[in-house]
Amino acid sequence: MANDPNTQDLALVDRYWRAANYLSVGQIYLMDNPLLRETLKAEHVKPRLLGHWGTTPGLNFIYAHLNRIIRERDAEVLYICGPGHGGPGMVANTYLEGTYSEIYPEIGENEAGLKKLFRQFSFPGGIPSHAAPETPGSIHEGGELGYALVHAYGAAFDNPNLVVACVVGDGEAETGPLAAAWHSNKFLSPVSDGTVLPILHLNGYKIANPTILARLPNEELAHLFTGYGYDLIFVEGHEPQAMHRDMAAALDAAFDRIATIRATAKDDPARRPRWPMIVLRSPKGWTGPKEVDGKVVEGHWRSHQVPVSECRDNADHRDILEAWMRSYDPQDLFDADGRLKPELKALAPTGERRMGASPHANGGILRKELRTPDIGDYAVAVDRPGAADAQATKVLGDYLRDVIRLNAADNNFRVFGPDETASNRLGSVFEATDRVWMAETLPTDDHLAPEGRVMEVLSEHLCQGWLEGYLLTGRHGLFSCYEAFIHIVDSMFNQHAKWLKVARELPWRKPVSSLNYLLTSHVWRQDHNGFSHQDPGFIDLVAN
């Protein structure tokens, strides 16, 4: 158990948070004068303002506090940023910790580097506004919301030393895939898997409306997530000093709870623990302008994107922007050369413990080649045409069974599917493994165990997301699904394909394993189910 951080420690964390906020605002607004060495002029501001501020200060707040936990406990943490619009925060934090400049040396840790950092954001020839593949530490862009938590669990499977801190935005928490993903804790072994620490970030609003979960009282939230199987810790407020104190205590309590679970799990590996979860309530657009043109901004949906606009043409708005940026006191954060001051630089972890440098966020680094048997050994003997009776997927099941056996030592291959492994004739895999299951087990159940290699849940979204998270962190797998129902994950496939396309253009991102599908019950064998199960269109989507 770590010592409670004192007031001086938290004052340093606050300054680090201010630095991340300053860099985030700078990316959205500035193309010159990055440290405000002179009065802000129209030509210092970007001609077109793009980006999202509202969620970013909360993401920066979480990142700064996770840095403290990592340093004090030598924890291995992967940060998954569910609110993809929080891209400026992810870039800012990886820059502050030094990872960004190591990968992109032209963005140096000095005033010239800051200018380039700001100018490239949402700028022609620059970088996207999301936590994109270009962003160190990211495996999840968040362009389409709903997949943060399922990716987090996919990353945690078979990674027993890893804690995946997954920030779930209250907007994306309204999506169907995210709502289903809370049940992933029923598939997580406290012995052989890692830990997912969900942090539900309730800042109150989507782009122009309140969010459902943010308008629920804590008692109702507690009932909801206790029902999902989590042990809730609430952190809420707006006054930074108190919030720093509460967040530090919450993370210490969560990591203490995780350590206790892991220490006792081997005594009863089939018992499902109640993993910790943090609910963070903070204002949308926290620390930004309170009002603009007489309208509320901080704590309102108006802070979602660009809180104060037209700063080139509107001098009053430019004054608001300058006052906002100076409120972070950049001279207290950066030295005369534009480098983060040493006492703040020391707050970041080092080496691969930096969340931006985690090898789990660049899974090709960790990837081991899959051991596979000779496919010729599984050939079906056909003496003459029409004389042999065999089932292709039964043979594939035998092959997958042996793949599981060959890779048992590495624990890096899983089979995913929505309750169809047996009906798809892949049942031979159960000669080598079981279905993963951490909920109640009855004597009549078949092949359920806490540490199986087969993952079945009646949600194509979860199967796809688990596999994506598993692949992106350096492992291998296969997803079997009825052909007519694989369309449920069409857009997830698109997102993953776009991620891979961009990642292939980045030399520092190492290749991950292929996304493998087995589509069954296809259109030519649907006499019994009829037209409802006939839809071969997924292959058209993949080809496109």
Side-chain angles (χ1 to χ4, degrees), residues 24 51-63 65-66 77-94 128-133 135-156 162-185 195-207 211-214 221 225 228 230 235 254 275-282 284 286 304-305 355-356 358 360-361 461-462 464-466 468-469 472-473 491-492 495-496 499:
S24 300
H52 294 77
W53 165 249
T55 188
T56 298
L59 296 174
N60 291 341
F61 182 78
I62 294 166
Y63 206 106
H65 280 271
L66 285 171
V77 177
L78 175 65
Y79 188 101
I80 291 193
C81 173
H85 290 320
M90 292 294 287
V91 171
N93 279 286
T94 53
S129 65
H130 291 164
T135 309
S138 176
I139 68 165
H140 173 90
E141 181 160 6
E144 180 179 56
L145 299 178
Y147 311 128
L149 193 59
V150 66
H151 284 161
Y153 276 96
L162 183 65
V163 175
V164 187
C166 179
V167 185
V168 177
D170 47 356
E172 72 172 331
E174 297 179 3
T175 66
L178 199 290
W182 295 112
H183 286 300
S184 299
N185 57 2
T195 301
V196 174
L197 175 63
I199 303 172
L200 177 61
H201 183 207
L202 302 179
N203 61 30
Y205 293 90
K206 305 185 283 286
I207 190 169
T211 55
I212 295 170
L213 293 184
L221 284 173
F225 289 103
Y228 275 131
Y230 294 93
V235 178
W275 295 101
M277 170 184 168
I278 293 173
V279 177
L280 171 65
R281 288 189 190 267
S282 64
K284 194 175 184 80
W286 196 11
H304 181 81
Q305 292 176 292
M355 289 181 282
S358 169
H360 298 284
H461 287 120
L462 293 195
Q464 173 80 16
W466 284 339
E468 287 178 1
L472 288 166
T473 47
S491 59
M492 292 185 75
Q495 290 292 112
H496 187 74
W499 177 279

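- Judged purely by atom type and a 3.5 angstrom limit, D170 uses its side chain to pair as donor or acceptor with the backbone of N203.
- The minimum heavy-atom distance between S184 and W466, with the atom names listed, is OG-NE1, 3.1 Å.
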Before giving the answer on side chain to side chain contact (heavy atoms under 4.5 Å, CB included), spell out for V235 and I278 the whole-Å C-alpha distance, their side-chain angles and the decisive distance to 0.1 Å.
CA-CA 7 Å; V235 178; I278 293 173; 4.3 Å; yes
Would W182 and M277 count as a side chain to side chain contact (heavy atoms under 4.5 Å, CB included) here? Give the steps.
CA-CA 11 Å; W182 295 112; M277 170 184 168; 3.7 Å; yes
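- Taking CE of M90 as the start and CG of N60 as the end, the distance is 10.0 Å to the nearest 0.5 Å.
- Nearest approach of S282 to H201, heavy atoms of both residues: OG-NE2, 3.0 Å.
- Side-chain atoms of S358 come within 3.5 Å of backbone N or O of H360 as a donor-acceptor pair.
- Note that the CG atom of N93 and the OG1 atom of T56 stand 10.0 Å from one another [nearest 0.5 Å].
- Side-chain contact between H496 and L472 is present, with heavy atoms from C-beta onward closer than 4.5 Å.
- Using the six-membered ring where Trp is involved, H130 and H85 have ring planes that are tilted, between 30° and 60° apart.
- Contact record, P136 with T94: O-CG2, 3.5 Å, taken as the closest heavy-atom pair.
- Taking CE from M355 and CG from L66, the interatomic distance works out to 4.5 Å, rounded to the nearest 0.5 Å.
- Listed by chain and residue number, nothing satisfies the side-chain hydrogen bond (donor to acceptor under 3.5 Å, both in side chains) test with T135 (two or more places apart in sequence, or in another chain).
- Rounding to the nearest 0.5 angstrom, the gap separating the SG atom in C81 from the CD1 atom in I139 is 12.0 Å.
- Nearest heavy atom pair, residue L59 against residue G86, reads CD1-CA, 3.5 Å.
- The structure places CD of E141 at 6.5 Å from CH2 of W499, a figure rounded to the nearest 0.5 Å.
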Take Y79 and I199, measure what side chain to side chain contact (heavy atoms under 4.5 Å, CB included) needs, and give me the verdict at the end.
CA-CA 11 Å; Y79 188 101; I199 303 172; over 6 Å; no
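- Here the closest non-hydrogen pair linking H140 and A148 is CE1-N, 3.3 Å.
- Here the closest non-hydrogen pair linking G82 and L145 is O-CD2, 3.8 Å.
- Between the side chain of Y228 and the backbone N or O of N185 there is no donor-acceptor pair closer than 3.5 Å.
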Just do the side chain to side chain contact (heavy atoms under 4.5 Å, CB included) check on Y205 and H304 with the steps written out, would you?
CA-CA 8 Å; Y205 293 90; H304 181 81; over 6 Å; no
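- For the atom pair OG1 (T211) and CG (L202), the distance works out to 6.5 Å, reported to the nearest 0.5 Å.
- The salt bridge (Lys or Arg N to Asp or Glu O under 4.0 Å) contacts involving residues 198-207 comprise E174-K206, where partners must be two or more places apart or lie in separate chains.
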